[in-house]
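These notes are about the structure you will find just below.
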There are 2 protein chains.
Amino acid sequence: MLSKKAKYALKAMLMLAEQPEGLLIQAPDIADRQKVPGKFLEAILLDLKRRGLVHSQRGKQGGYCLAKPADRITFGEIIRIMDGPLAPIPCASMTSYRRCADCRDEAACAIRQVMLRTRDAMASVLDHVSLADVSAGTHRDLVSTALAG
Amino acid sequence: MLSKKAKYALKAMLMLAEQPEGLLIQAPDIADRQKVPGKFLEAILLDLKRRGLVHSQRGKQGGYCLAKPADRITFGEIIRIMDGPLAPIPCASMTSYRRCADCRDEAACAIRQVMLRTRDAMASVLDHVSLADVSAGTHRDLVSTALAG
DNA sequence: CTTTATTCCTACTAAACCAATAGAGATAAT
DNA sequence: ATTATCTCTATTGGTTTAGTAGGAATAAAG
C-alpha cells in the first residue's frame with residue numbers, strides 16, 4: 001500500500017511539474033489545492049528536497065520547484081523515497097536487498113522467485129512513467145509510453 | 001510490503017501443496033519446518049480455512065490439507081486474504097474499490113491511472129501463478145507460465 | 001470412558017509505524 | 001524592522017503488526 005505520505009508527495013510533485021519552469025510555488029498553495037495537511041506537506045517537501053528532487057528557496061517570495069526536468073523524475077523514484085523499496089519482500093529488492101532470516105535456500109525459494117517477478121512488473125510501470133508522461137502540461141499517451149518501455 | 005502473516009501463509013500453503021493429495025499435516029510440523037511461530041501459524045491456518053483455501057480436521061490424527069487442487073490456488077488469492085487488495089491505493093483496486101476523499105476528478109487523476117497500471121502489472125503475475133506452478137512436486141517452467149498467462 | 005492429540009477461539013500485549021501537530025529557528029525580500 | 005517563507009526537532013494519538021496465553025471443542029486410541 002502506498003502511504004498517505006507517498007500519495008501527497010506524488011500530488012505535490014505533479015503540481016510542481018505543471019508549473020512553468022523555474023516558477024516557485026509555496027507549500028500552503030500546494031496544501032490548499034491538493035487538500036493535504038499543511039504541516040505534513042512541509043515535512044514531505046523537505047524530504048524531497050534533501051533527496052534532490054525539488055529545489056527550495058527560503059524567505060519571502062520563496063517556495064519550491066522541481067530540481068530536474070519532469071521527464072527525468074519517475075513515480076518509482078518518488079515512491080522509494082517516501083515508502084522504501086518497491087519489492088513486496090526485502091529479499092526480492094534490487095535497490096535494498098536483505099536476506100530472509102527464515103529462508104533455507106534462497107535460490108530455490110518459490111516465494112522469492114514470484115516476488116522478484118512481481119517487483120519487476122511493478123518497476124516496469126513505476127520506473128518508466130515520469131511526471132512529464134502524465135502531467136497536464138506535457139501529457140503523453142500512456143499506451144505509447146507503455147510500448148516504448 | 002508483504003506482511004509476515006502473508007509470507008507465512010504462502011509458506012504453509014506451498015508446503016501443503018507438496019504433500020500427496022489428502023494427507024493431513026499438523027500445524028506444529030509446518031511451524032517447525034518453515035520456522036514460523038506456532039501459535040501465529042495456527043491463527044493463519046484458521047483464517048485460510050474460513051476462507052475455503054484449506055480443509056482441516058480436528059482431534060487426534062487431525063491436521064490440514066488444501067481444499068482445492070494446487071493449480072487452482074494462486075498467490076494473489078492468498079495474499080488478498082492475508083493483506084487485503086493488491087492495488088497500491090484503494091481507488092485503483094478491482095476487488096475492493098474505494099474512492100479517495102481528496103480526489104477532485106477521479107477520471108483525470110494521474111496517480112490513479114498509474115496505480116491502475118501498477119495493479120494490473122502485479123495481478124498479471126500474482127493472479128496467474130498457482131501453487132502448482134512453483135511447488136517442488138509439480139514444478140512447471142516459469143517462462144512458459146508467463147507466456148501462457 | 002479416559003487419555004491424548006489436535007484444531008478452534010477469544011483475549012491480550014509490546015513494539016513499531018503512520019498521520020499529523022506544535023512551535024521555534026533560519027533566511028530572504030520588502 | 002517586518003513579514004513571509006522554508007527548516008528543523010519533538011511530540012502525540014491512533015492503528016497495525018507480530019506475536020503470546022490459555023482454554024474450549026473434537027476426535028481418535030487405549
Side-chain angles (χ1 to χ4, degrees), chain A residues 1-12 15-16 23-67 79 81-85 88-90 100-102, chain B residues 1-12 16 23-32 34-67 79 81-85 88-90 100-102:
Chain A
M1 261 287 277
L2 210 64
S3 68
K4 300 254 183 188
K5 207 167 146 192
K7 183 174 144 188
Y8 296 163
L10 290 172
K11 283 185 157 197
M15 184 163 162
L16 292 179
L23 178 64
L24 295 173
I25 306 291
Q26 287 78 45
D29 284 5
I30 304 178
D32 283 0
R33 187 87 171 69
Q34 304 297 331
K35 296 200 240 177
V36 320
K39 278 303 223 176
F40 196 19
L41 180 65
E42 273 188 15
I44 290 166
L45 287 167
L46 187 53
D47 219 341
L48 290 168
K49 183 223 154 186
R50 289 196 178 122
R51 302 297 297 269
L53 260 57
V54 308
H55 167 77
S56 67
Q57 189 183 323
R58 300 222 269 202
K60 212 165 186 176
Q61 311 286 22
Y64 302 89
C65 63
L66 295 186
I79 291 171
I81 287 173
M82 307 312 292
D83 284 355
I89 196 168
C100 292
D102 57 336
Chain B
M1 262 285 277
L2 209 64
S3 69
K4 300 255 182 190
K5 207 168 147 193
K7 182 174 143 188
Y8 296 162
L10 290 171
K11 283 185 158 200
L16 292 179
L23 178 64
L24 295 173
I25 307 292
Q26 287 80 45
D29 285 5
I30 304 178
D32 283 0
Q34 305 296 332
K35 297 201 240 174
V36 320
K39 278 303 224 176
F40 196 20
L41 180 65
E42 270 188 21
I44 291 166
L45 287 166
L46 188 54
D47 219 341
L48 290 169
K49 183 223 154 186
R50 288 197 179 120
R51 302 295 296 268
L53 261 55
V54 308
H55 167 76
S56 67
Q57 189 182 324
R58 300 224 269 203
K60 214 166 186 175
Q61 311 286 24
Y64 301 89
C65 62
L66 296 185
I79 291 171
I81 287 173
M82 307 313 293
D83 285 354
I89 196 168
C100 292
D102 57 336

Sub-4.0 Å heavy-atom contacts from residues 43-51 of chain B onto DNA chain D, ordered by number: none
Close side-chain approach of B:Ser3 to B:Tyr8, heavy-atom, < 4.5 Å: no
5'-most by nearest nucleotide on DNA chain C - B:Ala27 or A:Ser3: B:Ala27
Start and end of the DNA chain D segment that chain B contacts, any atom under 4.0 Å from a heavy atom: D:dA18 to D:dA29
Where B:Ala31 and B:Gly38 come nearest, the two heavy atoms and their spacing: CB-CA, 3.9 Å
Distance (rounded to the nearest 0.5 Å) between A:Leu10 CG and A:Met15 CE: 14.5 Å
Donor-acceptor pairs under 3.5 Å, side chain of residues 39-65 of chain A to any protein atom, not counting sequence neighbours: which ones?
{"residue": "A:Lys39", "atom": "NZ", "partner": "A:Glu42", "partner atom": "OE1", "Å": "3.4"}

Distance test, side-chain N/O of B:Ser56 to OP1/OP2 of C:dC8, below 4.0 Å: yes
Over all atoms of both residues, closest heavy-atom pair of B:Ala9 and B:Met82: CB-CG, 3.7 Å
All side-chain contact (heavy atoms from CB on, under 4.5 Å) counterparts of A:Pro90, not counting sequence neighbours: A:Arg98, B:Met1
Contacts of B:Asp102 that satisfy side chain to side chain donor-acceptor pair (under 3.5 Å) - sequence neighbours left out: A:Lys7, A:Lys11
Value in whole Å for how far the C1' atom of C:dA14 lies from CZ of B:Phe40: 14 Å
Nucleotide-resolved protein contact map, nucleotides 24-30 of chain C, B/S/- at heavy-atom distance under 4.0 Å: BBSBBBS
Inter-residue atom distance B:Lys4.NZ - A:Cys100.SG, 0.5 Å rounding: 7.5 Å
A:Tyr8 side chain near C:dC18 phosphate (N/O to OP1/OP2, under 4.0 Å): no
B:Met1 CE - C:dA16 C1' separation (whole Å): 13 Å
A:Val36 and A:Ile30, any side-chain heavy atoms less than 4.5 Å apart: no
Main-chain N/O of A:Leu2 paired to A:Asp83 side chain as donor or acceptor, under 3.5 Å: no
